[in-house]
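Quick notes on the structure that follows.
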2 protein chains.
Amino acid sequence: MLAKSSTELVRQQNSALVLAALRRRGRLAHTEISDATGLASATISAITADLERARIIEKSEQQATAGRGRPRVLFSQRRTCGYLVVISISSDSIQYSLVDYAGTLLDRFAEPRGEGGTDAFVASISAALERVVARSSIDHDSVLLVSVSSKGLVHPGKPVLVWSPVFGLQPVDFTEVLGRGWPARVILNNETLLVAGALLEREAKKEGGGERALAALSLGHSIGLGIARRNAAGVAEISAPNFGHMLHIPNGGLCRCGARGCIEAYAGFYAILRMAFEVPMDTIPAKFVPIAEIDKIAAQARQGNRMAQFAFRQAGVALGNGLSRLLSLHGHMPVFITGPGTRHQDLLQAGIEEGLSQTQVVRLEGMPALSVVPDEPSLVFEGHLNLAFSIIDQDIILSRPHIRAAGE
Amino acid sequence: MLAKSSTELVRQQNSALVLAALRRRGRLAHTEISDATGLASATISAITADLERARIIEKSEQQATAGRGRPRVLFSQRRTCGYLVVISISSDSIQYSLVDYAGTLLDRFAEPRGEGGTDAFVASISAALERVVARSSIDHDSVLLVSVSSKGLVHPGKPVLVWSPVFGLQPVDFTEVLGRGWPARVILNNETLLVAGALLEREAKKEGGGERALAALSLGHSIGLGIARRNAAGVAEISAPNFGHMLHIPNGGLCRCGARGCIEAYAGFYAILRMAFEVPMDTIPAKFVPIAEIDKIAAQARQGNRMAQFAFRQAGVALGNGLSRLLSLHGHMPVFITGPGTRHQDLLQAGIEEGLSQTQVVRLEGMPALSVVPDEPSLVFEGHLNLAFSIIDQDIILSRPHIRAAGE
DNA sequence: ATCTGATTTCTCGACTGTCGAGAAAAAAGC
DNA sequence: GCTTTTTTCTCGACAGTCGAGAAATCAGAT
């Protein structure tokens, strides 16, 4: 059921529009905001006055006046309005970034991922978080949001990692990362979901609007997938289905997750290693494979080693079959491949195409566009910012108490 | 990018809310509408006065007054405001239904599906449509929408059948169904999509809101799947992925669609027949299998015939594997099974569960709820009404010119 | 027959919001 | 110093929602 609408909601939505325009295009003048949002000039005056009074945006220092006419007044986010902490968890380390409200990176450091169980893990993140704010002497209260990303399966709604490559079925609850005295919220998202979101936003910036739906496939020790699409209302919807552990072959090779025949058990780094060395497919997979090992196998494959070639081929077919199923169930869309595995795209490509080509969806609508976007960490960070600031802006607008004009 | 908002849009959305409440619950009094929508009584007065002046709703004839106090004035849709024509295409016949704006069925007849190509097919529908309005002597102009359903793959946006069991890759364009002099629009939807939509609406009527996402699986000569979910804004999103022709087994049995290894090539009626009679899997499948044939095989299976049992078992495994992939890619959700194939659910069940159980998603989140809903035609019709009237109401509200109070 | 209480509908004024037009501001050019 | 140009700001008109209370109308008590 739809929610009722009211004039106050109109103001909220239009304020959100103004903040989104500022987010997307940086400093803007009154008239530019009007153009970007389609709102009347008078409305922009009202909204910007409101937001300025609430100390959310501010007039920039005058820039060199270009041309004649009354000089423009540029609005931008007030940097000190609040802060965002980004936590990117990868297999071996955890990266912490501090970002101000205008989206500029203020501080960044990484820590190795310690040993120990989930409790110790959460505690170490909690401690690092204290260090982030201490280093920049930022008040706890001005941290608006903590955005965490990891590989694995995320609970819909709660910031809980339901399944992860490292902790398996042992759930990791990030609500406890923030102790007392932190008014901020924590959000947790799958890494490849953020990649898909970042790619969709990049598409939106292209002229003509770019693709309206896309999939991001991350190749590495594990296999990640994110789907991003713009719905009829123009809102981005992003999700991270459990692609890596979707069934590839019934009763197939043993996967890290304990099930059999997952895509990852054919296309993950450990799977390529297992196949190249002709280890039986029901061997318990290696916990971690250094990327150098995979590079070595790839080099052998390129020199003509049949088993190494076969391993990459099989990985490609698993991915291709999986992608064909993705297209069958989610509609035709371009696929962007990222992650460390893209180094060996030349060895995977033929298998992927073979795996795709047999199926009806590809016969009907053709091979999907496959592009390689190597720099995954940038995409992840970009996705963090997109998602986090859209939530922060929304929260600010919703929470802002009604502020009357000064004279009242 | 979000669209700008304005006070006029607020009225539109709230008008839509009033019409939706009337749609869902039938005749309502002023106060009941207020309760259902959450809008203030004064607002209801304004909106109903507007809609009444536009001759979209009307005050019902007084019903027996119950209790003391000022008698209620019940509002309902004005029946003669416009009409909907529903066309349900099935493998052997086409059913035409005429429905008034209040949702009551006025006329219904079926015609056998003729021979001939797509042009003849479209022409015969066009002729039947003329007959629908002639029989009830309805003006062409008062037909607001024609809603068509069929099995097969529908073009997103245009009313074009991209792939169908009967015409294969030859596209069927339903825009031509309405000739000149028909202001109405034509929409085309996959049959099982409508089923999923109807089931979601039934869930919404349960107290507590029922399921927020579900899948409908239709078993018959071909395999259909619809997914319906309520998004964060509470709007239903329904889709019909190409489940029947999703890859089940690479290089597997030959399917009607020309590809190999589709789910349908293992679980469709013709596939069950082919397996039960041990016909080679690359035999070109029968165009049409009478349901009696399948019933016969089912009877044999129930009497202990191994090959017949095996055929149903394999069909079940194909469905189960496919459903596991569905859950992997769309999240965990209950599955409602419908269609003529549900008669033999007892023979399929074990295979479905086997096909589901091997995978990570089921190990993590458990077996999805599987329920059988035998009466598919009712669900299809219900889905037609839900979808068609939501479009009609939307159109009416958007197209309605601004109507001033009488005195101006 | 009339009064009273209950219940629903209707109406009025206050408030919030958007928009267009034009006034005001401020710099560049002559 | 005046004009031109461009941008910002302000004002009044208009659309919409809401709460409060008036008006309508019936059932039952007196």
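Just so it is clear, the values below take in all heavy atoms, side chains as well, and ignore hydrogens, waters and symmetry mates.
- Along DNA chain C, the nucleotide nearest to B:His30 and the one nearest to A:Ile47 differ in position, and the one closer to the 5' end is contacted by B:His30.
- Residues A:Ser6 and A:Gly69 both approach DNA chain D. Their nearest nucleotides, taken by heavy-atom distance, put A:Gly69 toward the 5′ side.
- In terms of heavy atoms, A:Leu17 sits closest to A:Thr37 at O-CG2, 3.8 Å.
- The side chain of A:Arg11 places an N or O atom within less than 4.0 Å of a non-bridging phosphate oxygen (OP1 or OP2) of C:dT18.
- For C:dT9, the OP1/OP2 oxygens have no side-chain nitrogen or oxygen of B:Arg70 closer than 4.0 Å.
- What separates CD1 of B:Ile44 from P of C:dT8 is a distance of 15 Å, to the nearest Å.
- Proximity of A:Asn14 to the phosphate of C:dG17: no side-chain N or O atom is located under 4.0 Å from OP1 or OP2.
- Side-chain proximity of A:Ala42 to D:dC9, D:dC26, D:dT10: nearest is D:dT10.
- Nucleotide D:dT17 holds its C1' atom 13 Å from the CD atom of B:Gln13, rounded to whole Å.
- Between the C1' atom of D:dT7 and the NZ atom of A:Lys59 lies a distance of 13 Å, rounded to the nearest Å.
- Residue B:Ala46 is out of contact with every strand shown, counting any heavy-atom pair closer than 4.0 Å.
- One interatomic measurement links the two molecules: CG of A:Asp50 to C1' of D:dC9, which rounds to 15 Å at whole-angstrom precision.
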Next item on the list: Would you sort out whether B:Lys205 and B:Arg24 count as a side chain to side chain contact (heavy atoms under 4.5 Å, CB included), showing the intermediate values?
Entry: CA-CA 9 Å; B:Lys205 280 183 179 154; B:Arg24 187 171 291 213; 4.0 Å; yes
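- Rounded to an integer number of Å, the gap from B:Glu32 CD to C:dT8 P is 9 Å.
- Contact check, A:Thr7 against D:dG16: no side-chain N or O comes under 4.0 Å of OP1 or OP2.
- Not one side-chain nitrogen or oxygen of A:Arg68 sits closer than 4.0 Å to the OP1 or OP2 atom of C:dG29.
- For D:dG16, the OP1/OP2 oxygens have no side-chain nitrogen or oxygen of B:Thr43 closer than 4.0 Å.
- For the pair A:Thr31 and D:dT8, the criterion of a side-chain N or O lying under 4.0 Å from OP1 or OP2 is met.
- Atom CD of A:Glu52 is separated from atom C1' of D:dC9 by 13 Å (rounded to the nearest Å).
- B:Glu211 has no carboxylate O lying under 4.0 Å from a charged side-chain N of B:Lys206, or vice versa, which leaves the two without a salt bridge.
- Between the CD atom of A:Glu8 and the C1' atom of C:dG17 there is a distance of 9 Å, rounded to whole Å.
- Residue A:Leu74 contributes atom CG, which lies 17 Å from atom P of D:dT6 at whole-angstrom precision.
- Put simply, the side chain of B:Val99 does not reach to within 4.5 Å of the side chain of B:Asp107, judged on heavy atoms.
- Relative to the six-membered ring of B:Tyr101, B:Arg23 meets both conditions, a distance below 6.0 Å and an angle of at most 45° to the axis.
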